[in-house]
Amino acid sequence: EGIHVNSNISLDPEDKIVKGFGVSDWRKDIFFALLSKNGQVKRMRVSDLKVIRYNRPITAMKLLTGDEVVDACLTTGNSNLLILTSDGKGVFYNENSIEPASTTSGGNRAGKFNGSDCACLLSFAPEERGKVLLITNYGHTRVFDVSHIDKTDRLHKAATIFQMFKKEPHELIFATKLNKREAPISFIGNCIDGDQFTITFEDRRGSELDKEVFHEEE
């Protein structure tokens, strides 16, 4: 069953864990990037999180009232960041457009999202291209090829990753890079009421931006 986190460190009951990383070397040349729901992004050195005492958590990102961290990723110091919103928008830019900051500071504006909530953050090596698996709150899926989005400035207008249908609006809740895995690829989804369901990507092919991108799961 594992050991509860509170066995090692005291977390506030209202806190929830967003991401976990295993660190064997607190290096100064690699970074963590953090993304908040309200569109703030922050970059900090991995070494800045090294502390002597672990009995209570330290601040990783200063947030405004009502905001929360939604995702985090590891970067090389020259990675490209793909930031996705819950309503299907995205921006793609180099991490060096964000100055490294201390643990107690806030973030920078992640992009021009016109009030959309940010949902996911992924990092890519400078010349890395590949595909991303997307899942919405209705269990619909898409395979998105990163080559379909241009690398721009940080505050460039966000591009459309998937179309939002007004009659049945979807929210992006999960995104992951497609590694060298053969299709079909399945994920277990957990509902708020405790039910589980399986989401399957039948193939690795991506869709063009102007085509219908969802398919109903059986």
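Start at 1 with the first residue, then count along the sequence. Heavy atoms only: backbone and side chains are in, while hydrogens, waters and symmetry mates are out.
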Does NZ or CZ of Lys177 come closer than 6.0 Å to the centre of the six-membered ring of Phe124, within 45° of the ring's axis?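 Positive - Lys177 is close enough to the ring of Phe124 and near enough to its axis.
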Exercise for review: Can you label the angle between the His140 ring and the His170 ring as parallel, tilted or perpendicular, going by 30° and 60°?
Suggested key: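 The rings of His140 and His170 sit tilted, inter-plane angle from 30° to 60°.
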Between [X] and [Y], is there shared hydrophobic-cluster membership here, with clusters defined by ILVMFWY side-chain heavy atoms closer than 4.5 Å?
X      : Y      : answer
Leu81  : Phe32  : no
Leu74  : Trp26  : yes
Ile188 : Ile185 : no
Ile161 : Phe92  : yes
Val70  : Val91  : yes

Scan side-chain atoms only and decide if [X] and [Y] contain a donor-acceptor pair under the 3.5 Å cut-off.
X      : Y      : value
Ser86  : Asp117 : no
Ser186 : Thr198 : no
Asn78  : Thr76  : no
Asp87  : Ser116 : yes

Tell me whether [X] contacts the main-chain N or O of [Y] through its side chain, where contact means a donor paired with an acceptor under 3.5 Å.
X      : Y      : value
Lys37  : Glu68  : no
Glu95  : Ser79  : yes
Asp71  : Leu121 : yes
Arg129 : Val146 : yes

For residues 4-14, which side-chain N or O atoms pair as donor and acceptor with protein atoms under 3.5 Å away, sequence neighbours left out?
residue	atom	partner	partner atom	Å
His4	ND1	Asn6	N	3.0
Asn6	OD1	Leu11	N	2.9
Ser7	OG	His4	O	3.1
Asp12	OD1	Glu14	N	2.8

Roughly how far, to the nearest 0.5 Å, is the [atom2] atom of [Y] from the [atom1] atom of [X]?
X      : Y      : atom1 : atom2 : value
Leu122 : Glu128 : CG    : CD    : 10.0 Å
Lys112 : Asp153 : NZ    : CG    : 10.0 Å
Lys62  : Ser102 : NZ    : OG    : 10.0 Å
Cys73  : Phe31  : SG    : CZ    : 12.5 Å
Ile199 : Leu133 : CD1   : CG    : 11.0 Å

Discussion item. Pair Ser47, Lys28 - check side chain to side chain contact (heavy atoms under 4.5 Å, CB included), show working.
Written reply: CA-CA 5 Å; Ser47 58; Lys28 295 182 179 181; 3.3 Å; yes
Which atom pair, heavy atoms only, marks the closest approach of Asn38 to Asp67?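 Closest heavy-atom pair between Asn38 and Asp67: N-OD1, 2.9 Å.
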Answer with yes or no after comparing the ring centroid distance for Phe162 and Phe144 against a 6.0 Å cut-off, counting only values under it.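 They do not qualify: ring centres at least 6.0 Å apart.
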**Asked** Who passes side chain to side chain contact (heavy atoms under 4.5 Å, CB included) against Val69, sequence neighbours left out?
**Response**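 Val69 satisfies side chain to side chain contact (heavy atoms under 4.5 Å, CB included) with Met61, Leu63 once adjacent residues are dropped.
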